[in-house]
Every structure is written in C-alpha cells, then in structure tokens.
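Below is one structure; the comments refer to it alone.
A, B, ... follow the sequence lines: proteins, then strands. Residue 1 opens every chain.
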Amino acid sequence: MGMRRLPRSFYDRDTVQVAQDLLGMHLVHVVAGVERVGRIVEVEAYLGPHDLAAHSARGLTPRTKIMFGPPGHLYVYFIYGMHWCANVVTQAEGTASAVLLRALEPVKNVEGRTNGPALLCKAMGIDGRQNGHDLLGEELFVRHPGGPTSPVRVVRRPRIGVDYAGHHWARRLLRFYIRGNSFVSRP
DNA sequence: CTCCGGATTCGT
DNA sequence: CGAATCCGGAGT
C-alpha cells in the first residue's frame, strides 16, 4: 500500500527542519521481499558547500553528485575502507545538503546493532548499491509510523567526528537525537 | 600517477 | 588509544 510515505515536499525544505522532523519516522528497506523497519532516533544535518564539514564542501565530484541532486534521494558513501553511511538528500537540486542517519531503534526484521551510522547501514542492508536511490520508490523509503505517537523531545549537540572542519562548523549544534532513547550512538 | 586521510567501529 | 582497510580527492 505504501501509505504514510513521506512526499518529495518533506525533503525539499530547510535541512535542519528536515533533520529534526525525521526523528521518530520509520526507515523502511524491503530486502528479498522482507520489510526491514527502523525508527530514526539520531541524525546530523550537513548544510551544503559552505558547510566545511560536508562532503559537498569539496564541490561537485563523482562521489558527491547525489548530494547536489534533487531532494528525497539516498546518498550512500564508503568510509575507512570498510563502512557505509547513508544520508537523505534535502532541499532543491544544487543545494548539496543532506541529513546523515546515525541511529535507529529496531522495529521489525532488523538484526544486529543500529546505534551508529555504519552499524545501521549494515543492519538495514544498505551499501553502495543504494546510492542515489529515490526514497519515493517501493523498496527504500521513509514513512510516518502511524497510529498514536508520543511526542519526542529533541536534544541538540555538535556533530561527531568533524573537528577537521574548524571551530565554527565543528561546534554548530547540528546533531539531533531523541532524548533518553537507548539506541542513540553516543548519548 | 602517487599520496593522504576519513560524517567509523572494535579491540587493547 | 590505535588498527583495520580502501577509495575519493588533490597534487605532481
């Protein structure tokens, strides 16, 4: 049925707003006909080429082209020779902004740890094959959990592992997580 | 072409 | 705190 799937317009908004609104939403990946579902509990916003912590700060390259593309697509990158990390592309084409998915709370058919950007990709079956995937498709998307939802309190912190970006960008409060959630990578 | 370092994770 | 492990991006 695909009900409750977030529309393109959800992603085509201010990146900080999208990041916070993603908290509590369900990430869904259909693998071999089985729906894996995780509740998004921690994210980070990367604001575009002017954000020195963002990959797009290096300009349009083969790797970052998805970030420069239209909103509502998945940007997946390979890091440290062994890990995959996934982002949701936000705002208009050319803006090169995205939201890094840092932790999930397992909801359905999720095996293994999900409290870290590379761990969640492994558990959800996300790797380079999903780079550029349209989140309005049938196999990989984000949807509202539906039913009664308890309000979440959002904690704002500096992003993790971006000290190379300089004081200004390293100190910005662009990491968001659900207060008290036990699946957050680093409370 | 070579070289450097990383939006991480795990073990010591 | 350091190793693992390899590709993207920058420089020659």
Side-chain angles (χ1 to χ4, degrees), chain A residues 11 14-23 25 27 29 36 38-69 71-91 94-106 110-133 135 140 142 154-178 181-187:
Chain A
Y11 305 100
D14 174 76
T15 303
V16 169
Q17 196 63 56
V18 174
Q20 296 181 80
D21 291 348
L22 278 171
L23 295 176
M25 295 294 179
L27 176 68
H29 189 199
R36 301 186 190 184
R39 179 172 178 247
I40 299 170
V41 299
E42 178 185 351
V43 297
E44 283 178 358
Y46 287 85
L47 305 186
H50 61 290
D51 177 357
L52 298 183
H55 291 166
S56 53
R58 299 294 181 183
L60 176 57
T61 67
R63 181 174 71 148
T64 62
K65 70 175 184 180
I66 302 301
M67 270 189 90
F68 281 84
H73 292 252
L74 201 70
Y75 164 51
V76 183
Y77 66 90
F78 188 60
I79 190 69
Y80 295 117
M82 63 191 92
H83 300 303
W84 296 97
C85 297
N87 301 253
V88 167
V89 176
T90 59
Q91 300 191 268
T95 309
S97 54
V99 175
L100 172 68
L101 304 176
R102 283 199 57 92
L104 301 176
E105 177 177 341
V110 178
E111 300 292 327
R113 295 171 55 191
T114 51
N115 57 327
L119 291 170
L120 81 82
C121 279
K122 184 180 180 190
M124 291 293 288
I126 293 172
D127 57 31
R129 293 171 295 184
Q130 280 74 40
N131 187 36
H133 198 102
L135 292 172
L140 183 55
V142 182
V154 178
V155 178
R156 299 162 178 76
R157 291 285 182 270
R159 294 172 293 186
I160 291 176
V162 297
D163 288 346
Y164 61 85
H167 280 70
H168 175 68
W169 289 105
R171 292 165 66 89
R172 290 280 305 267
L173 302 180
L174 294 173
R175 173 177 175 239
F176 308 97
Y177 61 84
I178 295 178
N181 188 278
S182 61
F183 293 91
V184 168
S185 66
R186 290 168 56 174

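Side-chain atoms of A/Ser56 and A/Thr64 form no donor-acceptor pair, as typed in the model, at a separation below 3.5 Å.
Closest non-hydrogen pair, A/Lys122 versus A/Arg36, comes out as O-NH1, 4.4 Å. For the pair A/Arg102 and A/Leu120, the tightest heavy-atom approach, listed with the atom from each and the gap, is C-CD2, 3.4 Å. Smallest separation of non-hydrogen atoms from A/Tyr46 and A/Ala54: CD2-CA, 3.8 Å.
Both A/Ala86 and A/Arg113 sit near DNA chain B, but only A/Ala86 has its closest nucleotide nearer the 5' end.
Atom pair A/Tyr164:OH and B/dT8:C1' shows a separation of 12 Å (rounding to whole Å applied). The distance between atom OH of A/Tyr75 and atom P of C/dG8, rounded to the nearest whole Å, is 10 Å. Atom C1' of nucleotide B/dA7 and atom CG of A/Leu52 are separated by 14 Å, given to the nearest angstrom. Here the P atom of nucleotide B/dG5 and the CE atom of A/Met82 are 17 Å apart, to the nearest Å. To the nearest angstrom, C1' of B/dA7 lies 19 Å from CZ of A/Arg157. Here the P atom of nucleotide B/dT8 and the CD atom of A/Glu42 are 10 Å apart, to the nearest Å. In this structure, A/Met67 places its CE atom 16 Å from P of C/dG8, rounding to the nearest Å. Atom CD of A/Glu44 and atom P of B/dG6 are 15 Å apart (whole Å).
Using cut-offs of 30° and 60° on the angle between ring planes, the pair A/Tyr75 and A/His55 is perpendicular.
Phosphate contact (OP1/OP2 of B/dA7, side-chain N/O of A/Arg175, threshold under 4.0 Å): absent. In terms of phosphate contacts, A/Thr61 brings no side-chain nitrogen or oxygen within less than 4.0 Å of OP1 or OP2 of C/dG8. Of the side-chain N and O atoms in A/Arg58, none sit less than 4.0 angstrom from OP1 or OP2 of C/dG8.
In this structure, of C/dG9, B/dA7, B/dT9, it is B/dT9 that holds the atom nearest to the side chain of A/His83. Closest contact between the side chain of A/Tyr80 and the listed nucleotides C/dG9, C/dA4, B/dG6 involves B/dG6. Residue A/Leu119 has its side chain nearest to B/dT9 when only B/dA7, C/dA4, B/dT9 are considered. Nearest to the side-chain atoms of A/Pro62 among the listed nucleotides C/dG9, C/dC6, B/dC10 stands C/dG9. When distances run from any side-chain atom of A/Phe78 to the nucleotides C/dC6, C/dA10, B/dT8, the shortest one goes to C/dC6.
Using N1 to N3 plus N6-O4 or O6-N4 for Watson-Crick, or N1-O2 and O6-N3 for G-U wobble, each under 3.5 Å, C/dT5 pairs with nothing.
With hydrogens and angles disregarded, a donor-acceptor distance shorter than 3.5 Å links the side chain of A/Thr114 to the backbone of A/Leu104.
Within the 4.0 angstrom heavy-atom criterion, no nucleotide atom of any strand lies near A/Arg159. Here A/Ala118 lies in heavy-atom contact (under 4.0 Å) with sugar-phosphate atoms only. Contact annotation for A/Arg186: no contact, since no heavy-atom pair falls under 4.0 Å across all strands.
Nucleotides C/dC1 and B/dG6 place their P atoms 16 Å apart, quoted to the nearest Å. C/dT5 and B/dT2 have their P atoms separated by 22 Å, with the value rounded to a whole Å.
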